[in-house]
Amino acid sequence: MSDEFDLVVIGAGSGGVRAARMASGHGARVAIIEERFFGGTCVNVGCVPKKLFAYGAGFPEEFELAASYGYQLDGWRFDWNTLRDNKTREIERLNGIYNRILDNAGVTVFEGHGRIEGPGRVSVDGDRVLECKHILIATGGKPHVPELPGDDLVRISDDLFYLDKLPERVAVVGGGYIACEFASILNGLGVEVHQLYRRDLILRGFDGEIREFVAERMAAAGIHIHVNTDVSAIEGDADGEKTLRLLNGDSLVVDEVFYATGRVPKLDGLFAEGVSVQTRDNGAVIVDDAFQTSEPGIHALGDVTDRLQLTPVALAEGMWLAAHLFGEHKPKAPLDYRDVPTAVFCHPNIGTVGLSQEEALAEYGTIRVYKSQFRPMRYTLSDIQEKSMMKLIVDDASDRVVGLHMAGEESAEITQGFAVAVRMGATKADFDATVGIHPTSAEELVTLRDGETVSG
């Protein structure tokens with residue numbers, strides 16, 4: 001049985017769905033194939049449930065803070081099943097929305113495994129064959145767990161969202177943003193958390209001082225961070241306990257082990273024999289500025305290309321490609337990845353846009369650095385020693401703000417607004433001329449006056 005389309009999308013995550021419905025809006029005949037869940041990683045086992053769990057993990061501190069404002073909250077208790085099941089209901093609701101979005105856009109939906117059989121040919125579950133002019137690979141990524149003895153005892157990030165019960169002690173292996181978010185969530189929910197990282201400082205790739213600040217605050221919150229530490233083997237016993245054998249000869253006993261050691265492109269069973277596209281060493285699909293792979297008519301976008309693994313980036317890529325392939329007014333320039341803001345929902349939260357201090361030094365040679373650490377006002381009536389850090393990186397020659405970084409309460413919300421200014425090329429003088437909103441944490445970013453000149 002054969003069907004004909006202008007575009008067949010494999011993967012109904014953020015980028016795939018956006019490309020499909022935008023292409024259909026441009027008049028293309030579009031099909032989309034999904035074998036697991038609609039909305040992809042972000043909606044189902046990523047951004048959305050993670051943020052909901054992060055909210056949940058913040059309530060114990062909120063209850064403690066409330067007491068300093070005169071509220072009596074003695075006797076509160078936490079029920080894991082309620083949080084988990086309410087989250088699941090919300091995710092199921094979002095799944096339904098994604099299905100309706102595709103249906104309302106006129107996209108033909110196929111549930112099953114998509115495989116590229118050759119130029120312009122995609123099968124569903126190896127049976128039904130779709131003929132098309134263009135194929136889009138939008139299959140995203142999947143968690144990577146290194147091979148080691150006992151790796152069958154490891155849980156991945158997906159598993160946290162569906163645990164039967166909350167463990168008392170966990171090990172989180174990894175030092176990236178997912179590991180830090182999961183460590184913070186579990187710690188906030190009352191779990192004893194040990195975070196193991198094989199390098200000397202978590203959050204590689206972020207601004208150095210922000211990394212140091214966040215590591216210090218996470219440790220102060222009760223997370224046991226073990227740096228320069230890696231696991232050689234994991235052993236389980238009849239009671240369900242897991243013993244981690246560490247490379248330094250030590251051991252650690254926990255109830256669950258979560259690995260958050262990176263993600264890899266998801267290409268499982270995607271190509272029939274004799275069909276392939278060029279990939280990098282890590283498996284990421286290589287594309288040009290128009291998301292064209294090495295094979296004519298086959299495109300790829302989102303996490304499977306390992307450019308910027310962010311949902312809003314995949315959405316922008318999907319819109320750009322749909323307009324490029326089918327739009328009446330085609331984009332005149334490639335998608336611009338400059339100054340993409342991002343956030344990490346660990347505790348404290350991180351918001352960042354532009355260059356880190358290290359990157360700015362390498363690019364500009366001489367920069368000015370403005371920074372502040374302070375205790376947010378809402379904690380001043382309590383004994384809670386919550387802190388925030390803000391940092392501006394300025395190109396000394398042009399006075400342009402080339403990096404903005406924050407760690408602390410509401411970092412993501414604050415950074416999103418300031419990202420517009422950074423992208424527009426605002427100077428430090430522009431920041432200085434902006435009147436702050438008082439009293440807020442955000443006003444710190446327009447009242448920083450004492451900078452330090454740093455040369456590479």
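Counting begins at 1 with the first residue of the sequence.
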Looking at Q373, I want to see if its CD is surrounded by more than 12 non-hydrogen atoms of other residues, nucleotides or ligands under 6.0 Å.
yes
Note: E35-K266 ion pair, threshold 4.0 Å (strictly below)
yes
Tell me every residue that passes salt bridge (charged side-chain N to carboxylate O under 4.0 Å, His left out) with K51, counting only those two or more places apart in sequence or in another chain.
none
Where the side chain of N104 meets the backbone of R100, is there a donor-acceptor pair that is under 3.5 Å apart?
yes
Residues passing the side-chain contact (heavy atoms from CB on, under 4.5 Å) test with Q278, sequence neighbours excluded, are I286, S294
Report all side-chain donor-acceptor pairs from residues 297-306 shorter than 3.5 Å, counting only partners two or more places apart or in another chain.
residue: H299; atom: NE2; partner: H134; partner atom: ND1; Å: 3.3
residue: T305; atom: OG1; partner: G302; partner atom: O; Å: 2.7
residue: D306; atom: OD1; partner: Q309; partner atom: NE2; Å: 2.7
residue: D306; atom: OD2; partner: N282; partner atom: ND2; Å: 2.8

Check the pair M22 / F326 against side-chain contact (heavy atoms from CB on, under 4.5 Å), numbers first and verdict last.
CA-CA 9 Å; M22 291 294 105; F326 305 109; over 6 Å; no
Can you list everything that forms a side-chain contact (heavy atoms from CB on, under 4.5 Å) with N81? Sequence neighbours excluded, please.
D79, R84, D85
For the pair R338 (side chain) and R423 (backbone), establish whether a donor and an acceptor sit closer than 3.5 Å, ignoring hydrogens and angles.
yes
Suppose we screen for side-chain contact (heavy atoms from CB on, under 4.5 Å). Which residues come up paired with D255, at least two apart in sequence or across chains?
P167, E168, R169, E241
Name the atoms and distances for all side-chain donor-acceptor pairs under 3.5 Å in residues 193-203, with sequence neighbours left out.
residue: H194; atom: ND1; partner: H226; partner atom: NE2; Å: 2.9
residue: H194; atom: NE2; partner: E192; partner atom: OE2; Å: 2.8
residue: Q195; atom: NE2; partner: G174; partner atom: O; Å: 3.0

Would you say T41's side chain and G46's backbone share a donor-acceptor pair under 3.5 angstrom?
no
E410 backbone acceptor or donor facing E413 side chain under 3.5 Å:
no
Does C346 offer a backbone N or O that forms a donor-acceptor pair with the side chain of N349 under 3.5 Å?
yes
Flag, side chain of D125 to backbone of H113, donor-acceptor distance under 3.5 Å:
yes
Residues pairing under ring-ring contact (aromatic ring centres under 6.0 Å, His included) where one sits in residues 154-186, two or more places apart or in two chains, turn out to be F53-F161, F161-F182
Taking D207 as the fixed residue, which of Q357, K371, K391 is the one that meets the side-chain hydrogen bond (donor to acceptor under 3.5 Å, both in side chains) rule?
K391
Could you list the residues that satisfy side-chain contact (heavy atoms from CB on, under 4.5 Å) with V340, not counting sequence neighbours?
L308, L310, V313
Looking only at atom types and distance, does a side-chain atom of S411 sit under 3.5 Å from a main-chain N or O of G408, one as donor and one as acceptor?
yes
Check residues 8-21 and write down every donor-acceptor pair under 3.5 Å in which the side-chain atom is one partner and the other belongs to a residue at least two apart or another chain.
none

Check against side-chain contact (heavy atoms from CB on, under 4.5 Å), E235 and D237:
CA-CA 7 Å; E235 301 167 359; D237 65 19; over 6 Å; no
Filter on ring-ring contact (aromatic ring centres under 6.0 Å, His included), then keep only pairs touching residues 332-358, sequence neighbours left out; what's left?
none
According to ring pair (Phe, Tyr, Trp, His ring centres under 6.0 Å), who are the partners of Y259, at least two apart in sequence or on a separate chain?
none
Kindly say whether R400 contributes a backbone atom to a donor-acceptor pair with the side chain of D395 at under 3.5 angstrom?
no
The criterion is ring pair (Phe, Tyr, Trp, His ring centres under 6.0 Å); which residues satisfy it with F291, sequence neighbours excluded?
W320
Should the pair R89-E92 be classified as a salt bridge under the 4.0 Å nitrogen-to-oxygen rule?
no
Take atom CZ in R280; do more than 12 heavy atoms of anything else shown fall under 6.0 Å from it?
yes
Considering residues, nucleotides and ligands other than K387, do more than 12 of their heavy atoms fall under 6.0 Å from its NZ?
no
